[in-house]
Amino acid sequence: MATSAMPPYGPGADPALTPDFEGGHRAPGTGNKRLIRFAAVAAAVAVVGGGGVAWAVTGGSSSSNKDHTTQQVQAQAPPPAPLTDAQRADAEKRRQKELKKRASRAARSQVVRPKLLAKGTPPPKPKPTTPSAGDPVPASEAQRIARSLLPSFGWSPSSQFGCLVNLWNRESGWNVHAANPSGAYGIPQAKPGSKMSSAGPDWQNNATTQIKWGLGYIKDRYSTPCGAWSHSQSSGWY
């Protein structure tokens with residue numbers, strides 16, 4: 001038949017250049033082999049570098065997802081509870097304590113240290129602390145002044161003057177300039193002596209000024225001279 005004589009690949013076709021259709025079903029071509037190799041390599045990379053594949057799949061948005069998650073957690077966190085009165089008081093107490101510590105450290109750092117003298121230089125003599133202006137009145141005169149002032153403080157001289165004499169005999173001997181190393185001064189031994197300035201500016205030398213201050217102190221603290229004398233006998237001071 002005429003059809004059996006025609007080449008199977010069409011007119012004018014070269015059998016050597018035309019792919020073997022039947023052979024293509026029997027064995028894979030070069031292109032198919034390359035495709036298989038590429039698929040195998042991609043599978044190996046996916047197994048070994050799982051993190052990289054995951055990163056590639058997510059489009060490299062790990063850090064943005066983490067930031068978004070952090071923002072969600074912060075948005076869901078409840079606001080801090082308000083402080084109670086006790087907590088506020090405790091915080092204020094700690095603050096005041098810290099301020100005192102700082103003030104103490106600052107005061108210590110500002111203390112003036114004594115200057116060292118050159119070798120062989122004698123130390124300076126301390127200045128006298130007892131005022132030298134004026135002469136002290138005799139004890140009898142100071143006692144007369146005190147006795148005359150007792151009624152103005154509401155006390156009877158007949159019942160309170162004896163206790164006052166005993167008290168200030170022990171404290172100062174009724175000496176206007178009596179000074180104690182502790183800082184006490186004058187007939188009533190005010191500590192410091194400058195307290196008596198509330199009774200007058202001449203507190204350092206004036207017996208009347210000192211006695212007025214001393215009687216006011218006794219009235220406020222012990223009610224009567226005998227009350228002050230009783231306390232002095234039991235404790236050694238008033």
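Just so it is clear, the model here is predicted, and its values are computed rather than measured. Note that these values count all heavy atoms, side chains included, but never hydrogens, waters or copies made by symmetry.
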Please evaluate residues Val165 and Trp174 with respect to the criterion side chain to side chain contact (heavy atoms under 4.5 Å, CB included), reporting the C-alpha separation (whole Å), side-chain torsions for both, the decisive distance (0.1 Å), and the verdict. CA-CA 8 Å; Val165 170; Trp174 293 82; 4.2 Å; yes
The test is side chain to side chain contact (heavy atoms under 4.5 Å, CB included); show your working for Asn175 and Ile187 and say whether it passes. CA-CA 5 Å; Asn175 183 354; Ile187 294 174; 5.8 Å; no
Chi angles and distances behind the side chain to side chain contact (heavy atoms under 4.5 Å, CB included) call for Asn206, Met196: CA-CA 10 Å; Asn206 192 308; Met196 294 185 290; over 6 Å; no
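Residue pairs that meet the disulfide bond (SG atoms under 2.5 Å apart) test with at least one member in residues 155-238, sequence neighbours left out, are Cys163-Cys226. Pairs passing the disulfide bond (SG atoms under 2.5 Å apart) check and including a residue from residues 183-218, sequence neighbours excluded, do not occur.
Evaluation of the side chain to side chain donor-acceptor pair (under 3.5 Å) rule for Glu92 yields Arg95, Gln96 as partners, not counting sequence neighbours. Residues meeting the salt bridge (charged side-chain N to carboxylate O under 4.0 Å, His left out) test with Asp90, sequence neighbours left out: Arg94. Listed by chain and residue number, Arg170 satisfy the side chain to side chain donor-acceptor pair (under 3.5 Å) test with Ser232 (two or more places apart in sequence, or in another chain). Here Ser234 pairs with nothing under the side chain to side chain contact (heavy atoms under 4.5 Å, CB included) rule; sequence neighbours left out. By the salt bridge (charged side-chain N to carboxylate O under 4.0 Å, His left out) test, Arg147 is found to be paired with no residue, residues two or more places apart in sequence or in another chain being considered. Listed by chain and number, the residues in a side chain to side chain contact (heavy atoms under 4.5 Å, CB included) with Ser152 are Leu149 (sequence neighbours excluded). Applying the side chain to side chain contact (heavy atoms under 4.5 Å, CB included) criterion to Thr84, with sequence neighbours excluded, gives Ala86, Gln87. The side chain to side chain donor-acceptor pair (under 3.5 Å) search around Ser156 returns Ser158, not counting sequence neighbours. With sequence neighbours excluded, the residues satisfying side chain to side chain donor-acceptor pair (under 3.5 Å) with Thr209 are Asp202.
Counting all heavy atoms, side chain and backbone alike, Gly193 lies closest to Tyr185 at CA-CB, 3.9 Å. Between Trp237 and His231, the closest heavy-atom pair is O-ND1, 2.9 Å. Closest approach of Pro188 and Trp213 over heavy atoms only: CG-CE3, 4.0 Å. His177 approaches Gln204 most closely through the heavy-atom pair CD2-O, 3.3 Å.
In terms of modelled atom types and a separation under 3.5 Å, the side chain of Ser148 and the main chain of Ile145 share a donor-acceptor contact. Under the 3.5 Å distance criterion, the side-chain polar atoms of Gln210 are matched with a main-chain donor or acceptor of Val176.
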Enumerate donor-acceptor pairs with a distance under 3.5 Å from any side-chain N or O in residues 214-223 to protein atoms, sequence neighbours excluded.
unit_1 : atom_1 : unit_2 : atom_2 : d
Tyr217 : OH     : Arg221 : NH1    : 2.9
Lys219 : NZ     : Phe153 : O      : 3.0

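Distance check: Arg144 CZ to Phe161 CZ gives 10.5 Å after rounding to the nearest 0.5 Å. Taking OG from Ser198 and CH2 from Trp203, the interatomic distance works out to 11.0 Å, rounded to the nearest 0.5 Å.
Within the 4.5 Å cutoff, side-chain heavy atoms of Lys101 are placed close to those of Lys97.
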